[in-house]
Amino acid sequence: MSDLNESQARLARTLDGMVVVDAGPGTGKTHTIVERYLNLVSRPDVSPGDVLMLTFTNNAASEMEERIKGSMTDRGMLKESKLVQTSTFDAFCRSILMDSPETAGSFFGISERLTRGAEVVSNDTLNETWFSSFLDDFLAERGEDFGDAAIVASQYPKDILALINRLMSKGVFPLKRGWFGIDPSRDLLGDTEGVLEDLRRLNEPSAKTGVSQAWKAIHEKAPKEGFDPLPQSEGVLDETDLADAAGEDRSGLLDLIHAVYHEYIRKSIASDRLTFGLTSMLAFSLLYDDGRIRQRNSFRYVMIDEFQDTNAIQLMISMMVLSEPNLCAVGDWKQGIYGFRFVSIHNIVEFEERMVSMRRFLNEDKVRVPFGIPSVSRLSLDVNYRSSEPIVRNAFESLFIRGTEKEEIDVERLEEKVVRLKADTDGRIGDLTETRFVRCDGRDREPEAVARCVLDYVQSDREIADGDVRRPVGLGDIAVFCRTTSGCAKVLDGLTSAGIPAYLEGDADIMSTREGKLLLAWLRYVNNDRDPWGFVPIMADMGYTLVECRAARDDPSAVPASIVAARRDLYLKRRRVTEMLTTVFSLYGIDNDVSQAIITTLSTAHRGSLLTISDLIGMIEKDIASGSRYPFEGSIDRDAVKIMTMHKAKGLEFPVVIIPYMDRGIMPLRPGSGGAYLYDDRIGIRCAYSVGRFDGYSKLCRSWRTALVAASGSRDYSEERRLLFVAASRAKQYQTFICSDPSPFIEGLSGGVYEGPPAPMARTFDSSTTAAARPDLSGYRPRSPRFAVHDLMDLSTEDGMGGMSEKNHEVCGKGPEYGDAVHSAAEIIFDGNEPPEDYPELGMVRSIVERAHCAVDSRAETDCVLPIAGTDVVLRGRIDLLADFGDVVEVHDYKTDASDRFQAEYEFQLSVYGLAASLHYGKPARCFIDYVSLGRTVEFDPMTMDELRDEVLRRMNRMGLSKD
DNA sequence: GTAATGGATCTTTTT
DNA sequence: GATCCATTAC
């Protein structure tokens, strides 16, 4: 084909041998690969059956397949096009495994057999649950063999599973005896010599104080759990202690991991239960073990797309299915952003070395890779057709930016690796390009700044070069990328409340929504019609009063008939899960992105593992508790702003890109704590905890050895730079970076020069694009407006500061944070524990709590709801302390105010609590305002319901909350 | 100038 | 619970 540029043509022509291609963003990679494929199968001796194309995503695989088949059909190769083989790595592994499942365990010395009916469970929550109960069983039976390691492991099942998954993708497997892998002892133990050197460096005493960082790391920064017994020395650590830490005997830990890992594989095979990790591990072992399987899955040519995202196993699988040394690996190390999944860009940057060592490893005892590694051709695509020249230049800048002030970057070495791109948009873009740096005041205002930028783009006279046509910017041209998913959610919020149509692409915490919680309640109710955690939330959501809910709780026959009838209908559908779930939502007329995502997620999980309703309940509960995120499909082709994480943005392009939250701690992101088990190439597997033995007792502690080793490493920001590179290379024409607290990244790009956010503008968008028409929720609509008591309180001060605009924080003498701290300390005291910090107020709190504990029943931090009689208003609030003394119930609220100037407001607040408590317990209430900072308690008579109603209505009017 | 201290802030996710 | 950075201390 003649429409290829020089570098593309070179790739399309280079058909034989080992080829690694550096394909930067926007260089026409897919197009070129398709051409290369066509050239390959046009050879008389090559059929599509000889060529395997591997990709990562289903989308990429099907796109590739369509384009190849389309081109072949155009060239009259219709018949051959049926033989085209494009596949994802996962699907390919699954096909190998399902070809001979019954022998999958033999490599591991496992006699149980996998069957063709085995299912891949992809839901993380389910996998963690399954693993936890497996681990419990395992430790109950064999835990004693492993001593302390088992004690720690029992506390951190999730972390063990994560470790096993990492070992799998590294290609480190447990054989019946010993480990399998390219260099298992190095992979498991790390570079102990190197670690020791790092420790010695860390142990250099400071010139002034004579104290070393190593000594401080364990003597000064004692964690909450405390360290196991520390070595005693002053200022610096002894050499023997360093050696002790670096070369710690980890055989017990490794024995345990080995046994758990091996038994996990056995149990999974026996249960016909697979995960993505198990699938690729078992496929590898089949290919490794059985020449006939290699024979059946043999290709003369293999092409791999997105090669920077491959792991060791995937590369070795590719080598074993090759019958000739014809591997074409296309990728871009600059876009390798999946390090946290234990994918390393080493496959692409050290391709030759890896091929040679892997071949040697695979051929150790017999020939599995039937060819030598010829010299490798390194090609690169060098023209970017996507973006304007300034945007390309800016993107490459990001590879050289420091992550912190002090980080040193080896520019020369980096420069050697980087293939610079020429930008060529054929004059279409011309000067229709611009990169802006916006700084606003406060992180909370960044979503607003995004909204203003969007409006600015849409209403300015900037134009989009759409082919040869120029047109104004539309909402659908704009994408927003955030480093974190929580950032995405905030931006969505900000755009939506500014009236700008926007949707989120990517994962969301769908189970924590109203939809998820309603479904949970219904499932509980269907599962057990006497479960108050089922029907009570359902009733509460429908607006039934606390009194009605309580009546039903005490006597389930008081559940309203319409709800009982709905349950009966659902119960009949309990074996058809998808239908049942759909029916629940249809009760509310809910049919939106969230409900769809929930149905898809639960139906898939149900199909994969035959869950009962109570399993589903448990799963939703866990998901809510842990904030699990699931894929969530917004309607893709709406004319709306797209919001996604930077990771999700890879491979996409947009005319206009906005990147907010370029703030310190976020971009680049600060690392968090690593879990109970640390694992990387340098330090190997290490456990952050150990059982410390002291005089006469032992307890679970942080391990000083592991803490020390971890402290000796240095943070590498390369992957964050690559992520910035990915984000910054998506824009075709316009790009805006936004920050409030500029990070070194945006400082490096902008040179420290910022403009303010664009001026606010108004514009309304056609509402048909914002949301579907609201369905009628008749009968199930929440029937009352609900307010927090605080919404109706006025705690503004005389001088006009702090008031309504500040969202009604209780203004207290020592600030709202102090008040919060005292409240949480009070709750801890109530539970019979010691708060971490003491406050002068706590003495008074203690005596109040002590008295409350003498009551028949007492509660702290209790939510309450009060329907206001004669209106449809429901007030809610939280009672600090509630004590039932039999004939009377007491309501307390702690105030850290420096004066009693808000007495009237508090009397209103406590009246609500008092009436709610009085209704709930069916007895009179006494109300106490405990001014704990002033050291006195004020009791007053709560208002009657009639007085309160008038007061509420008056306040609602004043604050413009009356209904309309 | 440098060194100790305190405060703020916190994950990404193809199959 | 780790990490960086600004502030304070000298």
Side-chain angles (χ1 to χ4, degrees), chain A residues 54-62 87-94 120-124 127 162 165 169 205-211 213 216-217 220-227 274-280 283 305-306 308-311 313-314 335-343 402-407 443 481-488 506-508 604 627-631 644-651 661 663-676 678 688-689 702 706-707 710-711 713-715 717 719-720 722-724 726-727 741-744 817:
Chain A
L54 290 171
T55 62
F56 279 87
T57 64
N58 290 319
N59 279 343
S62 48
S87 175
T88 64
F89 267 104
D90 180 62
F92 182 62
C93 289
R94 206 148 49 211
V120 177
V121 180
S122 57
N123 185 289
D124 288 340
N127 284 329
N165 279 324
S169 56
S206 127
K208 279 222 166 147
T209 59
V211 178
Q213 293 295 322
K216 275 203 240 170
E220 277 183 4
K221 303 177 188 170
K224 240 190 280 170
E225 300 90 336
F227 280 122
L274 294 170
T275 63
F276 295 126
L278 285 164
T279 306
S280 72
D305 192 16
E306 302 284 6
Q308 75 280 355
D309 294 338
T310 52
N311 61 32
I313 289 299
Q314 289 162 333
Q335 300 187 67
I337 54 176
Y338 286 101
F340 61 91
R341 287 191 134 260
F342 236 61
V343 162
R402 297 175 207 280
T404 69
E405 295 296 329
K406 291 189 186 137
E407 196 188 17
R443 188 169 295 168
F481 306 146
C482 303
R483 176 68 241 271
T484 64
T485 16
S486 60
C488 292
D507 299 353
T604 312
S628 311
R629 292 195 267 252
Y630 291 103
M644 66 192 84
T645 61
M646 293 178 175
H647 284 85
K648 275 263 152 54
K650 192 172 137 205
Y661 297 117
D663 297 324
R664 274 187 308 145
I666 299 200
M667 190 69 213
L669 194 63
R670 220 162 265 157
S673 46
L678 312 185
Y689 296 91
R702 301 293 293 191
T706 301
S714 63
R715 160 91 175 155
Y717 284 96
E719 186 153 312
E720 294 288 304
R722 296 197 291 269
L723 191 54
L724 181 61
V726 167
D741 174 17
S743 73
E817 294 79 17

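- Closest to the A:Y338 side chain, of the nucleotides C:dA6, B:dT13, B:dT15, is B:dT13.
- Of the candidates C:dC5, B:dT15, B:dT12, B:dT12 carries the atom nearest the A:T485 side chain, counting heavy atoms from C-beta on.
- Distances from the side chain of A:F340 to the nucleotides B:dT13, C:dC5, C:dA2 place B:dT13 closest.
- Side-chain N/O atoms of A:R443 and base N/O atoms of B:dT9 include no donor-acceptor pair closer than 3.5 Å.
- You'll find that the side chain of A:R670 is closest to C:dC4, out of B:dT13, C:dC4, B:dT11.
- The side chain of A:S486 has B:dT11 as its nearest neighbour among B:dT13, B:dT11, C:dC5.
- Closest contact between the side chain of A:R341 and the listed nucleotides B:dT15, C:dC5, B:dC10 involves B:dT15.
- Listed for the A:R722 side chain is a donor-acceptor partner under 3.5 Å among the backbone atoms of A:G336.
- What separates CE of A:M646 from C1' of B:dT12 is a distance of 11 Å, to the nearest Å.
- By the 5.5 angstrom centroid cut-off and the 30-degree plane limit, A:F89 is classified as not stacked against the base of B:dT15.
- Closest approach to the A:K648 side chain among B:dT13, C:dA6, C:dG1 is made by B:dT13 (side chain taken as heavy atoms from C-beta onward).
- With B:dT11, B:dT13, B:dT15 as the candidates, the nucleotide lying closest to the side chain of A:R483 is B:dT11.
- Under 4.0 Å is where a charged nitrogen must lie from a carboxylate oxygen, and between A:R483 and A:D663 no such pair does.
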